[in-house]
Amino acid sequence: MSARFEELDWRPTPIGDISLRRRREPSLGVDVYEIKLNDEFLMSSLFTVAEIELARLGLAALPGTDLDVAVGGLGLGYTAQAVLEDARVRSLVVVDTLGEVIEWHERELLPVGARLTADSRCRLVHGDFFAMVPTEAGLDPETPGRRFHAVLVDIDHTPRHVLHPSHAALYTPAGLRGLAGHLHPGGVFALWSDDPPEEEFEALLTEVFATSRAHVVTFPNHLTGGESANTVYVATTSA
């Protein structure tokens, strides 16, 4: 049996102090991994349904095979893992601004780290996703200008509740057009949000993309004894 609580790592970063914790949840009999930024919980392995659905819903909107996918935000790695479970995926680039999080996976401090680092299709890139989107070089430093069949993003809490002011530019018509420019024709942009669907953001997606839909993903909340929900937005460019 693992220790009831353990802080696996703690680091100061440009956006605040980040820490990785593991605790035992006796009511479920499982180890729970949590990432905190300062005093705020960013993610927990107790709640991964919507992160997984981000990948599944995004890829489900794509026909064909030999898919090249980019993920903005590594986190606990469940979105990336779900992408790799799709046999149609040829390559995956995962961009995260925190080298510490990438290192946690490479050191296998997180449950899916070994799977991600062992899969030859997957590459973890240390970079600022929001600074990369507006550039012509794009999301893959090894292949400037490369386009993807899907870009899946799970970084901010919501389009309105961002982790850093510099992220807000993505959730504008110009920002979304810049992101769409890194997609193949008929490509998919999918976004995780902690809030219910926002009409204003849905309108922005409709302005930029050929189609869009907000999926409400529900899951049991073991802390409240009830049910919680997140939103996954899925938008496609013109074919």
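Quick note: numbers below take in every heavy atom, side chains included, and nothing from hydrogens, waters or symmetry partners.
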Does a side-chain N-to-carboxylate-O contact under 4.0 Å join [X] and [Y]?
| X | Y | value |
| --- | --- | --- |
| R11 | E103 | yes |
| R23 | E25 | yes |
| E202 | R213 | no |

With no hydrogens and no angle check, is any side-chain donor or acceptor of [X] less than 3.5 Å from a backbone partner on [Y]?
| X | Y | result |
| --- | --- | --- |
| T135 | M132 | yes |
| N38 | E40 | no |
| T48 | E51 | no |
| T158 | H161 | yes |
| D156 | P159 | no |
| D31 | R24 | no |

Determine which pairs satisfy ring-ring contact (aromatic ring centres under 6.0 Å, His included) with at least one residue from residues 25-78, sequence neighbours left out, and list them in order.
-> F47-F219
So the ring-ring contact (aromatic ring centres under 6.0 Å, His included) pairs with at least one residue in residues 111-138 (sequence neighbours excluded) are F130-H167
Approximate separation, where rounding is to 0.5 Å, of [X] [atom1] and [Y] [atom2]:
| X | Y | atom1 | atom2 | value |
| --- | --- | --- | --- | --- |
| I155 | L170 | CD1 | CG | 8.5 Å |
| L8 | S19 | CG | OG | 9.5 Å |
| S45 | E34 | OG | CD | 7.0 Å |

Taking it one step at a time, do L42 and L163 satisfy side-chain contact (heavy atoms from CB on, under 4.5 Å)?
-> CA-CA 10 Å; L42 289 185; L163 293 179; 3.9 Å; yes
Under 3.5 Å, is there a donor-acceptor pair between the H182 and E136 side chains?
->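 There is no such pair (donor and acceptor under 3.5 Å, judged by atom type) between the side chains of H182 and E136.
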Determine all donor-acceptor pairs shorter than 3.5 Å in which one atom belongs to a side chain in residues 227-239; sequence neighbours excluded.
residue, atom, partner, partner atom, Å
S228, OG, N221, ND2, 2.9
N230, OD1, W192, NE1, 3.1
N230, ND2, D194, OD1, 3.0
T231, OG1, D195, O, 2.6
Y233, OH, E198, N, 2.9
T236, OG1, T211, OG1, 2.3
T237, OG1, H184, O, 3.2
T237, OG1, G186, N, 3.0
T237, OG1, G187, N, 2.9

Run the side-chain contact (heavy atoms from CB on, under 4.5 Å) check on D9 and R107 step by step: do they pass?
-> CA-CA 11 Å; D9 200 6; R107 291 169 57 192; 3.8 Å; yes
From CA spacing to verdict: side-chain contact (heavy atoms from CB on, under 4.5 Å), E200, R160 = CA-CA 10 Å; E200 182 178 348; R160 293 187 181 187; 2.8 Å; yes
R123 vs E142, salt bridge (charged side-chain N to carboxylate O under 4.0 Å, His left out): CA-CA, chis, key distance, verdict | CA-CA 11 Å; R123 183 154 42 89; E142 291 189 3; 3.7 Å; yes
So which heavy atom on M43 is nearest to which on G75, and how close?
->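 So the two residues come closest at SD-CA, 3.3 Å.
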side-chain contact (heavy atoms from CB on, under 4.5 Å) partners for R177, two or more places apart | P173, E207, V208
Taking only residues two or more places apart in sequence, or in another chain, which ones meet D86 in a salt bridge (charged side-chain N to carboxylate O under 4.0 Å, His left out)?
-> R88
Verdict with supporting geometry, R21 and E6, salt bridge (charged side-chain N to carboxylate O under 4.0 Å, His left out) = CA-CA 6 Å; R21 313 166 359 139; E6 184 179 7; over 6 Å; no
Step by step, work out the side-chain contact (heavy atoms from CB on, under 4.5 Å) result for V93 and L139.
-> CA-CA 8 Å; V93 172; L139 303 175; 5.6 Å; no
Please table the atom pairs, donor to acceptor, closer than 3.5 Å between any side-chain atom in residues 53-67 and protein atoms at least two apart or in another chain.
none

